[in-house]
Amino acid sequence: MVLALALPAMAQAGVRPRRIGQLDCNGFSRIQQELRPTADCAGIRGGDGGRQYDNGWFVGHDQPALRFISGRRLSGADVTFTERLGTDPARRPTVRHPGSDVTHWFELSPASWLSMDVCDPASFPGMACTPVSDANAPTASDPGGGAALMQVQFYPPGFAPFIDAASCDDAHWCSALTIDSLECSTSGACNVNCEEPVNFAFIQDNGVPTGPPSPQESDRASMTPNAHTLLINPGDLVAVHMFDARLPGAGRALEISERDLTTHRSGHMIASAANGFMDTSPTDCSGTPFNFQPQYSSAAPGNVLPWGPGPLGVDTGFEIGHFEPCTNVTGPETLRVGSLHDTYWTTCHGPYASRRDNLSLEPSDAPCYPAGDAHGGAGAPDLVAGCDVFLDGAGDLNHDGSSYRADWPTSVFAGRLPGAFAEDQPTSLGHTYPQIQFETDLAATEPACNVATGAGCTLPPPGPGNFYPYWTLSNTPWGCAWEFGNVRYGQTFGTDAQYGAVGPGTLEAFASAIQTNPGCGRLRY
């Protein structure tokens, strides 16, 4: 198929959307073609039967996360994470023998992320939002302030180019500031032309976006790293500071500052109107230059994203369920995104290709690419044949890909499997977070799961791999750290049982009870 749409005439008060952009992360806008068809979208709570549909398409995602909770002032608005990024095996990936193949990070997760809720009065529930204020919290009688989800996303090497695959190149991690909004009302009505608009900008050593970040004006340059994009080596120790920055002249906006403590390189990005960030009108999808700021002062238990599946706030997490290895791919089609004309394939062949496909939910694993594909010179050669499982607007809904097999890290050292991230306890103005909560919106991707009662919700999900990754707190060579994957030494919190259950009060996700953060030492450089 050829993906192309035309933009009809519209009466608009703000910045008119271009024909190509990021008005709908899921790719189903009726007036604009999605700039990056493989975008890592945020999950959405609610909709038809507890599941969100975008222009008739199911848009569930799977993002296991670990939430950090504190009632201390500014714990929801000034946060520092320090983490040693994951490493890949020295050998190239293999795809013929599930259970003994060499696996790389890009096969397990297209994005590791750190999150914070930010004010956006134009986003659900469409109410005023006072930045850095706990008064924005939703209650039983008040939907709360208009909110968006900010994520600092880290993208693994090995499956470039970024605009229609997953990686910046074959050797480095890169990162971006992303902000997902929801143009829906409390009645459940959504603007089908811009349901989930996204602001996006790479973290840059000069703080200047590679292209326009806004949903209305983003272009190919916005999704293409340049000479100023901060590239990070696997295994480097990186400090990420998320805070409400004072702008030159007047005003404030969220700033993401990254320091590579291994190479001593640094980068930053400010989500400001001056940098081209915009909120989106739920009426006509036009954009207005906007300074995004943290929504809450504290990371208290009730301070959550009002439309997210699960109690999202100050979290660390992984997008999973978006890759299927192949021995070969067939069914060439053309992807056209402005000046980008790239061939992708629709069908995956090999031992990972399940015959359990639920075609009503997951009609295709596309886009798929053969090993060595350089995408017409737009990217480094792909290290393996495989599918990104993105074009259907959701993910691996039959749970047969790499994410749902026991191919996750078993330690911080890479061997046949990747080396895990080593994540320090986050801090806010020097203070750690006394409580934690495990959560995952896996339930949205399980057709038999009733997200209101928990009936039919299983973890791990049904699938040939019979596995789901989990969090561990353990001693590493660099100190005590959180690891994610299949690490069985240290505190495993019951492995999969750590996620709790789905039911009333869990916001349509698996969510554990809030519990004491065991804490431990600090990562050493």
Side-chain angles (χ1 to χ4, degrees), residues 62-69 81-89 99 103-105 107-109 111-115 154 156 234-238 240 310-311 314-321 402-427 432-442 459-461 465-501 509-524:
D62 192 359
Q63 300 187 81
L66 173 59
R67 180 186 176 207
F68 295 93
I69 299 168
F81 283 90
T82 303
E83 56 185 8
R84 193 173 293 275
L85 301 189
T87 55
D88 284 322
T103 303
H104 283 222
W105 262 110
E107 300 176 83
L108 300 173
S109 170
S112 164
W113 51 265
L114 311 170
S115 70
F154 286 84
D236 281 4
L237 185 67
V238 180
V240 182
V314 175
D315 285 59
T316 176
F318 288 81
E319 177 99 24
I320 70 172
S402 302
S403 297
Y404 304 106
R405 299 174 185 269
D407 290 334
W408 287 85
T410 57
S411 78
V412 292
F413 298 110
R416 177 179 69 84
L417 304 175
F421 280 64
E423 299 189 49
D424 209 344
Q425 296 283 356
T427 61
T432 56
Y433 289 71
Q435 294 179 303
I436 56 172
Q437 185 175 26
F438 301 98
E439 57 184 295
T440 176
D441 54 356
L442 166 68
L459 201 160
N466 193 38
F467 181 81
Y468 199 78
Y470 54 89
W471 299 89
T472 302
L473 185 62
S474 56
N475 288 314
T476 75
W478 310 287
C480 184
W482 291 101
E483 299 174 72
F484 182 73
N486 192 17
V487 180
R488 293 189 175 271
Y489 60 88
Q491 299 183 67
T492 62
F493 303 91
T495 62
D496 284 351
Q498 67 187 222
Y499 293 107
F510 286 90
S512 74
I514 293 173
Q515 56 199 274
T516 299
N517 185 347
C520 50
R522 311 291 297 163
L523 282 177
R524 299 186 302 273

Peer 1: Hey, does the side chain of Thr472 reach the backbone of Gly490 with a donor-acceptor pair shorter than 3.5 angstrom?
Peer 2: no
Peer 1: Output the distance between atom CZ (Phe68) and atom CZ (Phe81), rounded to the nearest 0.5 Å.
Peer 2: 5.5 Å
Peer 1: Closest approach of Pro426 and Tyr433, non-hydrogen atoms and distance?
Peer 2: O-CD1, 3.5 Å
Peer 1: Run the side chain to side chain contact (heavy atoms under 4.5 Å, CB included) test against Pro156 and tell me which residues pass, sequence neighbours left out.
Peer 2: Trp105, Phe106, Trp173
Peer 1: Nearest heavy-atom pair of Leu473 and Cys480: which atoms, and what distance?
Peer 2: CD1-SG, 3.9 Å
Peer 1: Who passes side-chain hydrogen bond (donor to acceptor under 3.5 Å, both in side chains) against Glu483, sequence neighbours left out?
Peer 2: Ser474, Tyr489
Peer 1: Measuring from Glu83:CD to Asp424:CG, what's the distance to the nearest 0.5 Å?
Peer 2: 10.0 Å
Peer 1: With no hydrogens and no angle check, is any side-chain donor or acceptor of Ser115 less than 3.5 Å from a backbone partner on Asp315?
Peer 2: yes
Peer 1: Is any side-chain heavy atom of Pro409 closer than 4.5 Å to one of Leu108?
Peer 2: yes
Peer 1: Kindly write out the residues that satisfy side-chain hydrogen bond (donor to acceptor under 3.5 Å, both in side chains) with Asn517, not counting sequence neighbours, or none if the list is empty.
Peer 2: Gln425
Peer 1: To check you understand the geometry: which heavy-atom pair defines the closest contact between Ala509 and Asp441, and what is its length?
Peer 2: CB-CA, 4.1 Å
Peer 1: Just so I know, are the side chains of Ile436 and Pro518 near enough to count as touching, which here means a heavy-atom distance under 4.5 Å?
Peer 2: yes
Peer 1: So which heavy atom on Ser403 is nearest to which on Gly321, and how close?
Peer 2: OG-N, 2.8 Å
Peer 1: Check whether any side-chain heavy atom of His104 sits under 4.5 Å from a side-chain heavy atom of Pro89, and report yes or no.
Peer 2: yes
Peer 1: Rounded to the nearest 0.5 Å, what's the gap from CZ on Arg67 to OG on Ser512? Could you check?
Peer 2: 10.0 Å
Peer 1: For Asp62, check side-chain hydrogen bond (donor to acceptor under 3.5 Å, both in side chains) against everything at least two apart and list the hits.
Peer 2: Tyr404, Thr440, Tyr468
Peer 1: Please report the interatomic distance OG(Ser112) to CD1(Ile320), rounded to the nearest 0.5 Å.
Peer 2: 12.0 Å
Peer 1: Can you confirm whether Pro234 sits close enough to Leu85 that some side-chain heavy atom of one is under 4.5 Å from a side-chain heavy atom of the other?
Peer 2: no
Peer 1: Quick one: pull up OG1 in Thr492 and CD in Gln498 and give me the separation to the nearest 0.5 Å.
Peer 2: 7.5 Å
Peer 1: Check whether Thr432 reaches the backbone of Thr427 with its side chain - one donor and one acceptor, N or O, closer than 3.5 Å.
Peer 2: no
Peer 1: Looking at Gly500 and Phe510, what are the two nearest heavy atoms and their distance?
Peer 2: O-CD2, 3.6 Å
Peer 1: For Ser109, is there any backbone N or O sitting under 3.5 Å from a side-chain donor or acceptor partner on Glu319?
Peer 2: no
Peer 1: Using 0.5 Å steps for rounding, measure from the OG1 atom of Thr476 to the CD atom of Glu423.
Peer 2: 11.5 Å
Peer 1: Taking only residues two or more places apart in sequence, or in another chain, which ones meet Phe484 in a ring pair (Phe, Tyr, Trp, His ring centres under 6.0 Å)?
Peer 2: Phe318, Trp408, Trp471
Peer 1: Test of understanding: with side-chain hydrogen bond (donor to acceptor under 3.5 Å, both in side chains), list the residues that count as partners of Tyr499, not counting sequence neighbours.
Peer 2: none
Peer 1: Quick one: closest heavy-atom pair of Leu237 and Arg84, and the distance?
Peer 2: CD1-N, 3.8 Å
Peer 1: Using side-chain contact (heavy atoms from CB on, under 4.5 Å), reason through Thr316 and Trp482 one step at a time and then give a plain yes or no.
Peer 2: CA-CA 10 Å; Thr316 176; Trp482 291 101; over 6 Å; no
Peer 1: Run the side-chain contact (heavy atoms from CB on, under 4.5 Å) check on Arg405 and Thr103 step by step: do they pass?
Peer 2: CA-CA 11 Å; Arg405 299 174 185 269; Thr103 303; over 6 Å; no
